[in-house]
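Data block below; observations after.
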Amino acid sequence: DAKTTQPTSMDCAEGRAANLPCNHSTISGNEYVYWYRQIHSQGPQYIIHGLKNNETNEMASLIITEDRKSSTLILPHATLRDTAVYYCIATNNAGGTSYGKLTFGQGTILTVHP
Amino acid sequence: GAVVSQHPSWVICKSGTSVKIECRSLDFQATTMFWYRQFPKQSLMLMATSNEGSKATYEQGVEKDKFLINHASLTLSTLTVTSAHPEDSSFYICSARYGNLAYEQYFGPGTRLTVT
């Protein structure tokens, strides 16, 4: 899996957009970018993933640069409940029982304040 | 959405005893289950991958004789921490995958193990 680099922590005001960057400059062509988050003392929660096109779902948007060396997760209207550790992971999405393992880095601690 | 449960949610045991943690997929069949460990203020570390009906594959540095994993059915995997010691105190999280792709998995809520 390609190494990912994220800022250690970020702050965001409630109601504003939270933009979380991730650097994955060594990502290979068949590796997807995944985002998970972990609220304190809970299991991780899947947010979104993408290969090269921008993606949007009910939780967030994922913007991937054209060279795929970095991406940004956007929470359009952050709430207090979005306070969590956000993990950016690059992994091979190929089939097979041993592929697609998730290797978690240190992530970004996002604090949403009133 | 799909639900993965873990039991117990927290457990305290004495040093030298063994403790079993269950991971269940409640509304889907999981071909693969993963076990993670997370120490305070650290990230999740993958311990092992288990496929139903076969032996688990352990990550480098994880003692397979100490962390026994059984995946006897498509909805249940168990992790047994044998001869637990205080340094085994951690947050243990499982995930259950219903397909072969990385995003086709759900995480359990975790089990907090404290060894005294």
Side-chain angles (χ1 to χ4, degrees), chain A residues 1-9 22 24 27-28 30-51 55 57-60 62 73 84-111, chain B residues 1-6 9-10 21 23-25 30-60 71 74 90-114:
Chain A
D1 295 348
K3 178 178 169 57
T4 60
T5 305
Q6 300 176 249
T8 303
S9 63
C22 179
H24 32 79
I27 195 169
S28 62
N30 61 356
E31 286 185 312
Y32 284 65
V33 179
Y34 282 80
W35 283 84
Y36 280 79
R37 72 180 182 183
Q38 184 180 26
I39 296 171
H40 182 62
S41 294
Q42 296 183 24
Q45 176 190 24
Y46 166 80
I47 301 173
I48 199 167
H49 77 282
L51 182 62
E55 302 288 344
N57 63 21
E58 64 278 4
M59 289 184 68
L62 174 60
L73 177 74
V85 180
Y86 286 76
Y87 296 100
C88 168
I89 302 168
T91 190
N92 190 327
N93 209 31
T97 56
S98 62
Y99 285 96
K101 292 193 301 186
L102 298 172
T103 301
F104 289 81
Q106 293 304 307
T108 296
I109 302 171
L110 174 68
T111 303
Chain B
V3 177
V4 175
S5 70
Q6 286 186 237
S9 56
W10 60 270
I21 302 170
C23 176
R24 293 182 184 272
S25 55
T31 55
T32 303
M33 288 187 173
F34 300 93
W35 286 96
Y36 295 81
R37 181 169 54 180
Q38 185 174 32
F39 293 109
K41 298 188 177 182
Q42 294 188 24
S43 187
L44 287 80
M45 184 193 77
L46 180 65
M47 299 175 67
T49 303
S50 75
N51 297 302
E52 187 263 339
S54 62
K55 290 184 178 180
T57 302
Y58 291 81
E59 296 298 304
Q60 191 173 9
H71 193 162
L74 288 172
S90 188
F91 193 49
Y92 291 88
I93 304 169
C94 73
S95 71
R97 196 168 73 184
Y98 56 90
N100 288 337
L101 303 181
Y103 67 88
E104 295 176 327
Q105 63 181 292
Y106 295 96
F107 284 83
T111 296
R112 175 78 57 193
L113 169 64
T114 301

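Just so it is clear: chains get the letters A, B, ... in the order the sequence lines come, proteins before strands, and each one is counted from 1. All figures in this text were calculated on a predicted structure; none of them were measured in a lab.
- Of the atoms belonging to Thr103(A), not a single heavy atom falls under 4.5 Å from chain B.
- The minimum heavy-atom distance linking Leu102(A) with Tyr36(B) is given by the pair O-OH, 3.4 Å.
- Your options are Arg112(B), Gln42(B), Gln38(B), and the one with the most heavy-atom pairs under 4.5 Å with chain A is Gln38(B).
- When all heavy atoms of Gly43(A) and Ile93(B) are compared, the pair lying nearest together is CA-CG2, 4.3 Å.
- Phe91(B) and Gln42(A) make their closest contact through CE2-O, 3.9 Å (heavy atoms, listed as atom of the first residue, atom of the second, distance).
- Neither the backbone nor the side chain of Gln45(A) comes within less than 4.5 Å of any heavy atom in chain B.
- For a residue to count as touching a neighbouring chain, one of its non-hydrogen atoms must lie under 4.5 Å from one of that chain's; by this rule Glu59(B) touches chain A with the side chain only.
- Tyr87(A) is listed as a side-chain neighbour of Leu44(B), based on a closest heavy-atom distance under 4.5 Å.
- Considering every non-hydrogen atom in both Phe107(B) and Pro44(A), the closest pair reads CB-O, 3.3 Å.
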